[in-house]
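A quick write-up on the structure given underneath.
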Amino acid sequence: MKIIIIGAGKVGSQIAQTLSSENHDVTIIDKREDIRQELDNNLDIMTIVGNGANVRILEQAGIKEADMLIAVTRSDEVNMIACMTAKQFNVEKKIARIRNSDYMYPNSLSKEKLGIDFVINPEKVTAKEIIRLLKTPANVSEAQDFAGNRISLYGLKIEENCPCINKKIKDINFGTNTLLASIYRDDKLIIPSGDDELLIDDKVYILLKKESYEDLDLLCNKQTCSMQDVLILGGSNIGIQTASLLNKIGIKTKLIEVNKAKCEKIAETLPQTLVINGDGTNIDLLKEEGIETIDGFVAVTGYDEENLLVSLLAKHLGTKKVVAKISRTNYIPILEKIGINAIVNPRLTTASEILRFLKRGEMISLTLLKEGGAEVIELITHEYSKVIGKPLKSIDLPNNTIIGAIIRKEDIIIPHGEDTIQVDDKLLIFAKASEIIKVEQLFNGRRSKK
């Protein structure tokens, strides 16, 4: 598939990295020469310096032959104009990152008239991820839903109080509706066997049916806290979106913002949220607002260091669930080691949403894990698949790959070695990013269109 990406920022670069690893023909356009050189040095893609809304630049990038255009610059207007231009060239799929909700107002131009097939709002999708994490036990760092929300994937750290430490997986009774899909240990991915043991500080991914949510207690040794009140640090767009979503589901919210003028605007926007003008790094202010007894704390300022500092403080003071926004992915492994387990990264969240949309045909969903190093995909098998009718134990899966679930009509099967795959099964597969092409070839029976 020939794909043009406009904007080589964090999101554009992540998407380019993922797509180029799958051998797509990727061209990226950005105004900055230094960014172009960096991408040239690290990725096997074509790079062009210029304005992505300029027709001549788009023609130079091959817009006439493109299958898809992804516009993720910082400018909503540039992204929309690029999609409108792509529509004139009959590009099949057009994706735009649009932050300003006024552009999506019912009386404004529709996305269809603008030539946009999929609109992504990074702040909104990040806020939704924060809400999902707030509902999980304290040591859960990632949470994703699949198969129409009937099966969930949780990433969590094995802590000292976990009852499964030093036990072999075959000796842990997870039940028939739960699967330990993988272990990350010392930055290495392990697809576990029954003889593998769980160690302190392992990060594990566990798949389970919704009705078996209590199985998480085997690894957490903690009940999910009842989320009644949340304190948010930072009046960013993510903070505002998070407070708004929490208000809609009846959770009491407070929001601390240091800028007084911004506080006044937020208070008008969020009448159900108590907006506090103050320095969120001030421990006396935090204690005054109940950080020691509050159920959830969310740090979403524009500064990673501030989010890190106050999140550590909140955890130390007794907050039940702490979620921090971190923009630099190289910080994430460090944060996990010092105890900040629930981390959201807008770049990875936004990239995952876009990648889910562009995956078409037999692959219907994709989620990035572990800073993009691993992926969870949903795909549908067809009669020409090489694996139809074979027991799973006889299928030669690519390295670092595991079938986590089989969705067969209304049934969800957590598979074992004797289970077989049938035509039109929906499979949930956990794989290392570098193995995705092999996975598609094996289960689809033919190479995906490029």
Will you find, in the side chains of Asn345 and Ser327, an N or O donor that is under 3.5 Å from an N or O acceptor? no
Taking every non-hydrogen atom, the tightest pair across Ser236 and Val300: OG-O, 2.8 Å
Does Asp295 offer a backbone N or O that forms a donor-acceptor pair with the side chain of Asp229 under 3.5 Å? yes
Test side chain to side chain donor-acceptor pair (under 3.5 Å) on Lys157 and Ser141; report intermediate values, then the result. CA-CA 8 Å; Lys157 184 180 178 181; Ser141 60; over 6 Å; no
Return yes when atom CD of Glu33 has more than 12 non-hydrogen atoms of other residues, nucleotides or ligands closer than 6.0 Å, and no otherwise. yes
Does Lys31 have more than 12 heavy atoms from other residues, nucleotides or ligands lying within 6.0 Å of its NZ? no
Looking only at heavy atoms, the pair that brings Ser13 and Ala8 closest together is OG-O, 3.0 Å
Just wondering, do Asn79 and Val72 contact through their side chains at under 4.5 Å, heavy atoms? no
Is any side-chain heavy atom of Lys94 closer than 4.5 Å to one of Val91? yes
Salt bridge between Arg328 and Glu305, side-chain N to carboxylate O under 4.0 Å? yes
Contact check, side chains of Ile28 and Leu39, non-hydrogen atoms, under 4.5 Å: yes
Counting N and O atoms only, with roles assigned by atom type, does the side chain of Ser20 sit under 3.5 Å from a partner on the main chain of Ala16, one being a donor and the other an acceptor? yes
Which distance, rounded to the nearest 0.5 Å, do you find between the NZ of Lys87 and the CD of Glu92? 14.5 Å
Ring geometry between Tyr184 and Tyr205 (parallel below 30°, tilted from 30 to 60°, perpendicular above 60°): perpendicular
If you count heavy atoms of other groups shown closer than 6.0 angstrom to NZ of Lys252, is the number above 12? no
N/O donor-acceptor pair under 3.5 Å between Thr350 side chain and Arg347 backbone: no
Exercise: do Thr273 and Asn247 side chains pair donor with acceptor under 3.5 Å: yes
Do any N or O atoms from the side chain of Asp171 and from the backbone of Lys167 form a donor-acceptor pair under 3.5 angstrom? no
Side chain of Lys321, backbone of Val140: donor and acceptor closer than 3.5 Å? yes
Check: Ile29 and Val49 side chains under 4.5 Å, non-hydrogen atoms: no
Measure the CD1-OG1 distance between Ile414 and Thr178 for me, rounded to the nearest 0.5 Å. 7.0 Å
Shortest non-hydrogen contact from Glu142 to Lys203? OE2-NZ, 2.7 Å
If we ignore hydrogens and angles and just use 3.5 Å, is the side chain of Asp117 paired with the main-chain N or O of Ile95 as donor and acceptor? no
NZ of Lys170 to CG of Asp195: how many Å apart, nearest 0.5 Å? 4.0 Å
Which atom names give the shortest non-hydrogen contact between Ile354 and Phe118, and what distance separates them? CA-CE2, 4.4 Å
Are the charged groups of Asp34 and Arg32 less than 4.0 angstrom apart, N to O? no
Apply side-chain contact (heavy atoms from CB on, under 4.5 Å) to the pair Ile402 and Leu397, showing each step before the final yes or no. CA-CA 7 Å; Ile402 189 171; Leu397 291 172; 5.6 Å; no
Say you draw a straight line from CG of Leu245 to CD1 of Ile131; how long is it, rounded to the nearest 0.5 Å? 5.5 Å
Would you call Lys168 and Asp196 a salt bridge, taking side-chain N to carboxylate O under 4.0 Å as the test? no
Can you tell me if CG on Asn259 sees more than 12 non-hydrogen neighbours from other groups inside 6.0 Å? yes
Quick check for you: to the nearest 0.5 Å, what is the distance between Leu274 atom CG and Leu231 atom CG? 9.5 Å
Mind checking whether Ile172 and Leu198 have side chains closer than 4.5 Å, heavy atoms only? yes
Begin with the C-alpha distance, continue with both residues' side-chain angles, and end with the deciding distance and a verdict on side-chain contact (heavy atoms from CB on, under 4.5 Å) for Ile70 and Met68. CA-CA 7 Å; Ile70 303 170; Met68 179 172 295; 4.1 Å; yes
Any chance you could lay out the side-chain contact (heavy atoms from CB on, under 4.5 Å) test for Lys10 and Gln14, step after step, and finish with the verdict? CA-CA 6 Å; Lys10 295 175 181 177; Gln14 179 66 61; over 6 Å; no
Rounded to the nearest 0.5 angstrom, the CD-SG distance for Glu268 and Cys263 is 12.0 Å
Going by an N to O cut-off under 4.0 Å, is there a salt bridge joining Asp76 and Arg99? no
Please give me the minimum heavy-atom distance between Leu270 and Ala243, naming the atom from each residue. CD1-CB, 3.7 Å
Quick check: does any side chain N or O of Glu257 sit under 3.5 Å from a backbone N or O of Gly235, one acting as donor and the other as acceptor? yes
Counting only N and O atoms by type, is there a donor-acceptor contact under 3.5 Å from the side chain of Asn282 to the main-chain atoms of Gly278? no
Should Thr27 and Ile5 count as side-chain neighbours, where that means a heavy-atom distance under 4.5 Å? no
Residue pair Leu179, Leu208: steps toward the side-chain contact (heavy atoms from CB on, under 4.5 Å) verdict: CA-CA 6 Å; Leu179 174 71; Leu208 51 90; over 6 Å; no
Would a 4.5 Å heavy-atom cut-off, applied to side chains only, mark Leu233 and Phe297 as touching? yes
Tell me yes or no: between the side chains of Thr126 and Thr349, is some donor less than 3.5 Å from an acceptor? no
What are the two closest non-hydrogen atoms of Pro415 and Gly404, and how far apart are they? CD-O, 3.3 Å
Can a donor-acceptor pair be found, under 3.5 Å and without considering hydrogens, that links the side chain of Thr319 to the backbone of Ile294? no
I want to check something: taking the side chain as every heavy atom from C-beta on, are Leu69 and Ile6 in contact at a cut-off of under 4.5 Å? yes
Heavy-atom donor-acceptor pair, Lys209 side chain to Ile412 backbone, under 3.5 Å: yes
Do the charged groups of Asp202 and Arg185 touch, with an N to O distance under 4.0 Å? yes
